[in-house]
Amino acid sequence: MNWILLIIAGLFEVAFATCLGKAKEATGSESTYWYIGFFVCVAISMLLLLKATQQLPIGTAYAVWTGIGAVGTVLIGIFVFKEPATLWRLFFITTLIISIVGLKAVSE
């Protein structure tokens with residue numbers, strides 16, 4: 001159950017980074033809504049991370065949480081914000097995913 005909470009927390013990390021990107025593109029009251037979404041997602045992400053670390057090792061949980069956030073944010077950057085998907089960028093994201101899976105595997 002704690003791993004599921006951690007994954008959801010990582011997805012909310014992606015959401016708060018996405019909200020920041022959208023707020024940067026928006027103007028007026030629309031940007032305010034994106035900033036509100038940012039703060040809501042940050043709060044949920046942190047609370048879920050806190051809950052997950054009550055049972056999981058903090059080093060592993062934090063690394064997995066940030067890894068999910070990093071991978072997800074890069075993918076959102078590529079697909080939503082039209083950032084470049086270069087060979088090296090995809091290579092290093094792949095190595096990050098392998099590292100996240102490896103951390104989970106050795107933390108059992």
Side-chain angles (χ1 to χ4, degrees):
M1 180 65 174
N2 292 305
W3 283 104
I4 293 170
L5 291 177
L6 187 60
I7 290 168
I8 295 169
L11 294 174
F12 273 99
E13 184 182 4
V14 174
F16 76 67
T18 303
C19 287
L20 278 179
K22 291 300 230 176
K24 185 175 104 177
E25 293 178 347
T27 58
S29 63
E30 183 183 350
S31 67
T32 302
Y33 296 131
W34 285 112
Y35 285 122
I36 291 169
F38 164 78
F39 286 114
V40 169
C41 290
V42 166
I44 293 170
S45 183
M46 292 295 163
L47 288 171
L48 291 173
L49 177 62
L50 175 68
K51 180 70 175 156
T53 57
Q54 291 175 350
Q55 298 295 320
L56 299 174
I58 186 70
T60 301
Y62 185 76
V64 169
W65 177 74
T66 57
I68 291 169
V71 169
T73 302
V74 168
L75 292 176
I76 291 293
I78 291 169
F79 292 113
V80 175
F81 297 108
K82 308 299 182 216
E83 294 175 358
T86 63
L87 174 67
W88 285 113
R89 205 165 183 208
L90 297 175
F91 170 77
F92 287 116
I93 287 299
T94 302
T95 61
L96 184 55
I97 293 168
I98 292 167
S99 298
I100 293 167
V101 171
L103 276 173
K104 186 194 180 310
V106 299
S107 295
E108 299 289 330

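This chain uses plain numbering: 1 for the first residue, then up along the sequence.
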Would you say Thr73's side chain and Val14's backbone share a donor-acceptor pair under 3.5 angstrom? no
For residues 61-82, pull every pair meeting ring-ring contact (aromatic ring centres under 6.0 Å, His included), keeping only residues two or more places apart or in separate chains. Tyr62-Trp65
One should read off an interatomic distance between Gln55 CD and Leu5 CG, to the nearest 0.5 angstrom, of 10.5 Å
Return the minimal non-hydrogen interatomic distance between Leu56 and Ala61, and the atom names on each side. CB-CB, 4.2 Å
Atom pair CG (Leu48) and CD (Glu13), whose distance is rounded to the nearest 0.5 Å: 12.0 Å
dist Phe91:CZ -> Thr86:OG1 (nearest 0.5 Å) comes out at 12.0 Å
Just wondering, more than 12 heavy atoms not from Glu83 lying within 6.0 Å of its CD? yes
So, using side-chain contact (heavy atoms from CB on, under 4.5 Å) as the criterion, who are the partners of Leu96 when residues are at least two apart? Ala70, Val71, Ile100
So which heavy atom on Ser31 is nearest to which on Ala23, and how close? CB-O, 3.7 Å
Heavy atoms of Pro84 and Ile78 approach each other most closely as O-CG1, 4.0 Å
Are Ile44 and Leu49 connected in a single hydrophobic cluster, I mean Ile/Leu/Val/Met/Phe/Trp/Tyr linked by side-chain heavy atoms less than 4.5 Å apart? no
Measure from the side-chain N and O atoms of Ser99 to the backbone N and O of Thr95, and report whether any donor-acceptor pair falls under 3.5 Å. yes
Hydrophobic cluster identity match, Leu75 and Ile8, side-chain contacts under 4.5 Å: no
Rounded to the nearest 0.5 Å, what's the gap from CG on Leu103 to CD1 on Ile98? Could you check? 12.5 Å
Straight-line distance of Leu87 CG to Phe92 CZ, nearest 0.5 Å: 9.5 Å
Taking salt bridge (charged side-chain N to carboxylate O under 4.0 Å, His left out) as the test, write out the residues that go with Glu30, two or more places apart. none
Treating Ile, Leu, Val, Met, Phe, Trp and Tyr as nodes and any side-chain heavy-atom pair under 4.5 angstrom as an edge, say whether Met46 and Val40 lie in one connected cluster. no
Are Leu20 and Leu11 connected, step by step, through hydrophobic side chains (Ile, Leu, Val, Met, Phe, Trp, Tyr) whose heavy atoms are closer than 4.5 Å? yes
Is there a path from Trp88 to Val74 through hydrophobic residues (I, L, V, M, F, W, Y) whose side chains come within less than 4.5 Å of each other? no
Minimum heavy-atom separation for Gly37 and Cys19, please, with both atom names. C-SG, 3.7 Å
Does any N or O in the side chain of Ser45 come within less than 3.5 Å of the main-chain N or O of Val42, such that one atom is a donor and the other an acceptor? no
Do you know which of Phe38, Tyr35, Phe39 makes ring-ring contact (aromatic ring centres under 6.0 Å, His included) with Phe16? Phe38
Between Ala63 and Thr66 the two heavy atoms that sit nearest each other are O-OG1, 3.1 Å
The reported gap from CG in Leu6 to NZ in Lys51 (rounded to nearest 0.5 angstrom) is 13.5 Å
